A.B. asks: 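Following this message is one structure expressed as structure tokens.
Position 1 is the first residue of the sequence, and the numbers go up from there. Only heavy atoms go into these numbers, but all of them, side chains included; no hydrogens, no water, no symmetry mates. All values derive from a computational prediction rather than experimental measurement.
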Amino acid sequence: AQYRKSLGSDEKRRPRKAHGFRECAPGGKLAQKRARRADPAAMSPPWDDLRSALTGMGESFGADAVRDLQAEGCADAADALLGAIAGDPGAGARAAAIAWARLKTGVGWTTPAWRECYVIGQLREATEAGEQAAALEGSTRAAERDAALRRAMLAVDMAHVMGAPGETARPFARAIETCLKLNANDEIHREELPMIPDALPANVAPSIDPKHALPRRDALTRKEFKRDFFNQDKPVCLGAVGALWPALAKWRDLAWLKKQHGHRNVPLEVGAFDDEAWREEVTSLASFVDEFLAPSARADADAGRMKNGAQTSATLLDANKRRRVTDDTSVTRSETKIAYLAQHQLFEQIPDLLADFEAPEVCNAFGGADRVNAWIGTRGTVTPCHFDSYDNVLGQVAGFKFVRLYDAKDAPFMYRHEGAWEENRTWPSSGEGEKKGAKDDGGEENENENANALRLGARGAQGNISRVDVERPDHEKFPLFANARHMDVVLGPGEFVYIPARCWHYVRALTTSVSLNFLF
């Protein structure tokens, strides 16, 4: 499975780029996206309009994609895409299947034509399945109608996951959701599901030595932020800048998430980050809640009872002064199943959620956030230590995370992966880089190597990931790592941290968690 990884290293590192579509304008600022939320008054299934939209896609870029596929000698894909544009029954599903097969072979989507073939195919399939379901309205074939609706919703969501701009996929999603919600009116009920904790169980988080505590500055003005941190490339804890967001109360409620949005499909990373059985899959949010998030939240609650005490988010506001941690901290691995909705543009897919939060004020110092990602996962999810090529504000909506950061100047001590993370998912036990100096090139990426590795589905293909397990470092294997100086912080609901471009950072979920990061 290689969705999301097919976007290409340049697109992933430069969030301002468009989705790889011809004639597709880059996404606007967060406020502009919020203004384009679905209008509840315009929720009737406009099948004629959707067919017209597909015809328009064919005219604007589909015909070019057909010619490009023909030029590559891929006549089957070109013919299927031509049929999907024309509205031939079943052609959309064929076009999407051919493009998907191309991706899975390892050859990858070498031109935008393949992505366009996939997206047009899936949106045509969604329209056909939606019309089939609408035709069955009021009939006795309820199971057949439900299956068609689920197929239609999956097709729209897969188009989005694979790079369709939100403006392109959103009208199709609204049409299918209208049918789904009408179909579910008689079945909706309130489930008893656990809440994501708003108090951190005692002894779950590592204590933080004050000399390694990340500086905290509450209520920073734009001028202060720019002068003292952004211009200096210094990370800082921004405090509880999201404390008043409606999202803090709503999104920790797993029953609400399942009821309101459980029919949508999202990409998951399943398994521990260093597990050989790690895999990617697409599943419904309802299944994500039932299979992973709810058991994780129950484990959080059990941990709170067993530890006989908890810290509230308010208590955490100045707790860094009292915590201590050493490099030999024992890291407890989660016993619950691990799954992660990671770095996903969920708000392009479900724009109604934009009403529940605002971009932190510091982002407005530079014209606002260009992109916002959702990170939703179980306790025990880990993002290995890495750096990014953009400025980043990361924070919590629900649950708690431990963040460890290293200054960009520590790059010579971080032992970057020279190959792809997927080629060596466990921490290295022998061979490359042992007892050698780390690369001191300052972290510039090898574009050709990274692009090739990414087409092969490599999770760490950018070469921006450290080979050191920073919570349990092997100093014999990586002796220079002892020279790196870390800064630590535990983030609770509403709390955010500024991470400058090229600042190394590692993140571990202490509980079931919902996080956002804003790129600017």
A.B. asks: Which atom pair, heavy atoms only, marks the closest approach of S389 to A501?
C.D. replies: C-CB, 3.9 Å
A.B. asks: Just so I know, are the side chains of Q132 and R145 near enough to count as touching, which here means a heavy-atom distance under 4.5 Å?
C.D. replies: no
A.B. asks: Looking at every non-hydrogen atom in both residues, tell me the closest pair between A95 and C117 and how far apart they are.
C.D. replies: O-SG, 3.6 Å
A.B. asks: Is any side-chain N of the basic residue among R279 and E269 closer than 4.0 Å to the acidic one's carboxylate O?
C.D. replies: no
A.B. asks: Please check this pair: side chain of R115 against backbone of M162, looking for a donor-acceptor N/O pair closer than 3.5 Å.
C.D. replies: yes
A.B. asks: Check whether T381 reaches the backbone of G377 with its side chain - one donor and one acceptor, N or O, closer than 3.5 Å.
C.D. replies: no
A.B. asks: If you define the side chain from C-beta out and look only at heavy atoms, does anything of V266 sit under 4.5 Å from L346?
C.D. replies: yes
A.B. asks: Of all heavy-atom pairs between I465 and P384, which one has the smallest distance, and what is that distance?
C.D. replies: CG2-CB, 4.1 Å
A.B. asks: Take D290 and K258 through the salt bridge (charged side-chain N to carboxylate O under 4.0 Å, His left out) test and state the conclusion after the steps.
C.D. replies: CA-CA 9 Å; D290 289 341; K258 181 178 178 181; 2.7 Å; yes
A.B. asks: Quick one: do V282 and D157 satisfy side-chain contact (heavy atoms from CB on, under 4.5 Å)? Show the steps, please.
C.D. replies: CA-CA 9 Å; V282 172; D157 287 334; over 6 Å; no
A.B. asks: Can a donor-acceptor pair be found between the side chains of T512 and S296 at a distance below 3.5 Å?
C.D. replies: yes
A.B. asks: Minimum heavy-atom separation for F273 to W278, with atom names?
C.D. replies: CA-CD1, 4.4 Å
A.B. asks: To the nearest 0.5 Å, what is the distance between CG (D88) and CD (E128)?
C.D. replies: 9.0 Å
A.B. asks: Is the shortest side-chain heavy-atom distance between L516 and V397 below 4.5 Å?
C.D. replies: yes
A.B. asks: Would the W375 and H344 ring centres measure less than 6.0 Å apart?
C.D. replies: no
A.B. asks: Between A159 and L123, which heavy-atom pair has the shortest distance, and what is it?
C.D. replies: CB-CD2, 3.9 Å
A.B. asks: Report yes or no: does S466 contribute a side-chain atom to a donor-acceptor pair with the main-chain N or O of R416 at less than 3.5 Å?
C.D. replies: no
A.B. asks: Whether the side chain of S513 engages the backbone of A509 through a donor-acceptor N/O pair (distance < 3.5 Å, no angle test) should be reported.
C.D. replies: no
A.B. asks: Mind checking the CG-CE spacing from N265 to M153? Nearest 0.5 Å is all I need.
C.D. replies: 7.0 Å
A.B. asks: If you measure only the distance, is there a donor-acceptor pair under 3.5 Å linking the side chains of S515 and K401?
C.D. replies: yes
A.B. asks: Using distance alone, with no hydrogens and no angle criterion, decide if D388 and H505 have a side-chain donor and acceptor under 3.5 Å apart.
C.D. replies: yes
A.B. asks: At what distance, to the nearest 0.5 angstrom, does CG of D253 lie from CD of Q260?
C.D. replies: 10.0 Å
A.B. asks: List the steps and the verdict of side-chain contact (heavy atoms from CB on, under 4.5 Å) for V393 and V362.
C.D. replies: CA-CA 9 Å; V393 174; V362 296; 3.9 Å; yes
A.B. asks: Taking atom types as modelled, is there a side-chain donor on Q349 or R170 under 3.5 Å from an acceptor on the other?
C.D. replies: no
A.B. asks: Give, for atom CD1 of I176 and atom CZ of R150, the distance between the pair rounded to the nearest 0.5 Å.
C.D. replies: 13.0 Å
A.B. asks: Evaluate side-chain contact (heavy atoms from CB on, under 4.5 Å) for Y498 paired with D391, printing each intermediate quantity in order.
C.D. replies: CA-CA 8 Å; Y498 164 61; D391 293 280; 2.7 Å; yes
A.B. asks: Any non-hydrogen side-chain atom of Y118 less than 4.5 Å from a side-chain atom of M158?
C.D. replies: yes
A.B. asks: Give the ring-plane orientation class for F357 versus F518, where under 30° counts as parallel, over 60° as perpendicular and anything between as tilted.
C.D. replies: perpendicular
A.B. asks: Can a donor-acceptor pair be found, under 3.5 Å and without considering hydrogens, that links the side chain of Q396 to the backbone of G399?
C.D. replies: yes
A.B. asks: Under 4.5 Å between any side-chain heavy atoms of E177 and R264, yes or no?
C.D. replies: yes
A.B. asks: Roughly how far apart are I196 CD1 and L293 CG, rounded to 0.5 Å?
C.D. replies: 6.5 Å
A.B. asks: Check whether any side-chain heavy atom of F61 lies under 4.5 Å from a side-chain heavy atom of I120, and answer yes or no.
C.D. replies: yes
A.B. asks: Do S284 and S287 have a side chain donor and acceptor closer than 3.5 Å?
C.D. replies: yes
A.B. asks: So, Y506 versus D469: side-chain donor-acceptor pair below 3.5 Å or not?
C.D. replies: no
A.B. asks: Do the non-hydrogen side-chain atoms of T127 and L54 ever get within less than 4.5 Å of each other?
C.D. replies: yes
A.B. asks: For R102 and T110, does a side-chain donor sit closer than 3.5 Å to a side-chain acceptor?
C.D. replies: yes
A.B. asks: Do the non-hydrogen side-chain atoms of W251 and D356 ever get within less than 4.5 Å of each other?
C.D. replies: yes
A.B. asks: Can you measure from CG (L154) to NE2 (H263) and round to the nearest 0.5 angstrom?
C.D. replies: 12.5 Å
A.B. asks: Specify the closest pair of heavy atoms between L254 and A297, including all atoms of both residues, with the distance to one decimal.
C.D. replies: CD1-CB, 4.1 Å
A.B. asks: Could you go through the side-chain contact (heavy atoms from CB on, under 4.5 Å) check for D300 and R379 one step at a time?
C.D. replies: CA-CA 8 Å; D300 295 332; R379 63 201 319 247; 2.7 Å; yes
